[in-house]
Student: 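Below is one structure. I have some questions about it.
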Amino acid sequence: LYYKIKQPGLSFKAALQFVAPARAYFSQSALQDLLVYVNNLYLVVGIAWLTGMTQFATAKNFTERLLMENFGFSAAPLTSNLTVNAMHSIGNIVSIDIGWFLSHWAFHKIPVLWAFHKIHHSATELTPLTRSRFHIFENIPLYTIVGAAVALNTFLFTTLGYHPSLVTVMNGFPLFMIFFSMFGVLRHTGVPISFGKLNWIISSPVMHQIHHSTAPEHIDKNYAMNFSILDWMIGSLVLPEKNAAPLKFGISETHNYNVSFFRMYFVNPFVDVWGYVRRGEILRHAPHEQHAPPPTAHADRKRAIASYSLSEPELC
């Protein structure tokens, strides 16, 4: 529908071929997406989901207890009403987004975490399943940071005398999760949906597609899940430019990560971690690391613009 609005003269078939080109959906990268997705079905349900939720609850409870013991104060209970519930839900949504943003930043900046996150960025073609192309070990730091962020929001309301129940905590979440899931899928496609000037505040699908780009000026940019203003605050925001060349996706223009699924998921991350430890790069990338942007990318940060546009559909 988006493409038909932008290119009304094309047939529906041509628009469909643009959205789901055979080149992308029958590529080795797409096959890896599918294998990781199937593999994670049992690992996520059997291991990652349970450990992730446990990690989230542990981090949240520990942070809340730490804050209350050191900074808590008594206050008259707040009346539980729609306004308070809405404010608490909005606070949770913002907290989750900030926690996700910080963890995503850490995945890129800390080598031993990048070794696992690299699997997600190794996709040379973006398909909806690329969203699920992640290693289960990412859940440990992710849910720890997100849990701590949500605890800060809960602490704020608790110190004011408001003690939210589980039902209250979930207020506003279903609609938010539907919105996030929909655009989470669109972020991992070749459809460059943009929000125009709202890109400064809300991260549109094309913003995340820029994040997957191999162009040096796009490396370590657009970390945000939903609120791109967070990228603006730390100087990592790159906006799309109209009528520019299509993006190339992957880790880098020179690095080939199209290996077998078993090696990509079960071997390479641990080999990379050992290499980082051996070279003393546990918390900081060395200048020669493939992931690190060249010096000119930092010197010319303000002029870094996206190279993405609506191009003619590639026929199957």
Side-chain angles (χ1 to χ4, degrees), residues 1-41 119-134 173-215 218 221-222 224-228 231 237-251 253 257-258 261 305-316:
L1 290 174
Y2 178 85
Y3 192 74
K4 283 290 292 179
I5 292 172
K6 291 291 184 180
Q7 303 286 346
L10 291 177
S11 66
F12 178 78
K13 180 180 179 181
L16 184 61
Q17 289 168 341
F18 170 79
V19 172
R23 169 188 53 79
Y25 281 72
F26 290 94
S27 65
Q28 182 181 357
S29 179
L31 176 61
Q32 288 179 337
D33 287 349
L34 178 61
L35 292 174
V36 172
Y37 177 77
V38 173
N39 178 74
N40 281 354
L41 282 179
I119 291 176
H120 182 67
H121 278 272
S122 65
T124 55
E125 301 286 352
L126 297 186
T127 72
L129 284 182
T130 307
R131 184 190 178 201
S132 300
R133 184 187 178 116
F134 68 91
F173 266 54
L175 184 61
F176 169 75
M177 291 308 297
I178 290 173
F179 177 85
F180 165 65
S181 297
M182 179 176 67
F183 283 99
V185 170
L186 293 175
R187 288 185 185 106
H188 295 98
T189 66
V191 186
I193 295 177
S194 174
F195 294 160
K197 292 183 178 180
L198 285 178
N199 285 330
W200 285 94
I201 303 173
I202 305 295
S203 181
S204 63
V206 69
M207 301 286 283
H208 192 73
Q209 291 159 12
I210 290 170
H211 177 71
H212 278 267
S213 169
T214 61
H218 298 158
K221 298 297 189 294
N222 295 357
M225 175 172 65
N226 292 301
F227 302 119
S228 55
D231 280 304
L237 179 66
V238 175
L239 298 174
E241 185 183 59
K242 209 171 183 180
N243 300 322
L247 294 172
K248 292 182 179 180
F249 303 120
I251 296 177
E253 294 178 344
Y257 209 73
N258 281 329
F261 160 72
I305 58 175
S307 301
Y308 208 69
S309 69
L310 287 169
S311 58
E312 290 300 313
E314 181 178 283
L315 300 182
C316 294

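Here the structure is a predicted model, which is why all the values come from computation and not from measurement. When a residue number appears, it is its place in the shown sequence, counting from 1.
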Student: Contact between T189 and T127 at the side-chain level, heavy atoms closer than 4.5 Å - yes or no?
Tutor: no
Student: When rounded to the nearest 0.5 angstrom, what is the spacing between CG in L16 and OG in S11?
Tutor: 9.5 Å
Student: Between M207 and P240, what is the shortest heavy-atom contact and its length?
Tutor: SD-CD, 3.6 Å
Student: Among pairs that include at least one residue of residues 26-35, which meet salt bridge (charged side-chain N to carboxylate O under 4.0 Å, His left out), considering only residues two or more places apart or in two chains?
Tutor: D33-R133
Student: In chain order, what residues pass the side-chain contact (heavy atoms from CB on, under 4.5 Å) check against L34, with sequence neighbours excluded?
Tutor: V38, L129
Student: Show the nearest heavy-atom pair for residues S204 and S194, with the distance to one decimal.
Tutor: OG-CA, 3.8 Å
Student: Is it true that H218 and S213 share a donor-acceptor pair across their side chains at a distance under 3.5 Å?
Tutor: yes
Student: Can you check side chain to side chain contact (heavy atoms under 4.5 Å, CB included) on F261 and L31, steps first, answer last?
Tutor: CA-CA 9 Å; F261 160 72; L31 176 61; over 6 Å; no
Student: Between A24 and S27, what is the shortest heavy-atom contact and its length?
Tutor: O-OG, 2.7 Å
Student: Step by step, work out the side chain to side chain contact (heavy atoms under 4.5 Å, CB included) result for H120 and T130.
Tutor: CA-CA 7 Å; H120 182 67; T130 307; 4.2 Å; yes
Student: Where do H212 and L247 land on the side chain to side chain contact (heavy atoms under 4.5 Å, CB included) test, with the steps shown first?
Tutor: CA-CA 9 Å; H212 278 267; L247 294 172; over 6 Å; no
Student: For residues H211 and K221, report the shortest heavy-atom separation together with the two atoms involved.
Tutor: ND1-O, 2.6 Å
Student: Testing the basics here: between P205 and L186, what is the closest heavy-atom pair and its distance to 0.1 Å?
Tutor: CB-O, 3.7 Å
Student: Rounded to the nearest 0.5 Å, how far apart are CD of Q28 and OG1 of T124?
Tutor: 7.5 Å
Student: Is it the case that the side chain of E125 and the backbone of F26 share a donor-acceptor pair, with hydrogens and angles ignored and the cut-off at 3.5 Å?
Tutor: no
Student: When you measure from the side chain of D231 to the backbone N and O of A224, does any donor-acceptor pair fall under 3.5 Å?
Tutor: yes
Student: Which heavy atom in A30 sits nearest to a heavy atom in Y25, and how many Å separate them?
Tutor: CB-O, 3.7 Å
Student: Would you sort out whether I202 and F227 count as a side chain to side chain contact (heavy atoms under 4.5 Å, CB included), showing the intermediate values?
Tutor: CA-CA 5 Å; I202 305 295; F227 302 119; 3.8 Å; yes
Student: Got a donor-acceptor contact below 3.5 angstrom from the S228 side chain to the N199 backbone?
Tutor: yes
Student: By ring-ring contact (aromatic ring centres under 6.0 Å, His included), which residues pair with F195, not counting sequence neighbours?
Tutor: F183
Student: Please round to the nearest 0.5 Å and tell me the distance separating atom CG of N222 and atom CG of L237.
Tutor: 5.5 Å
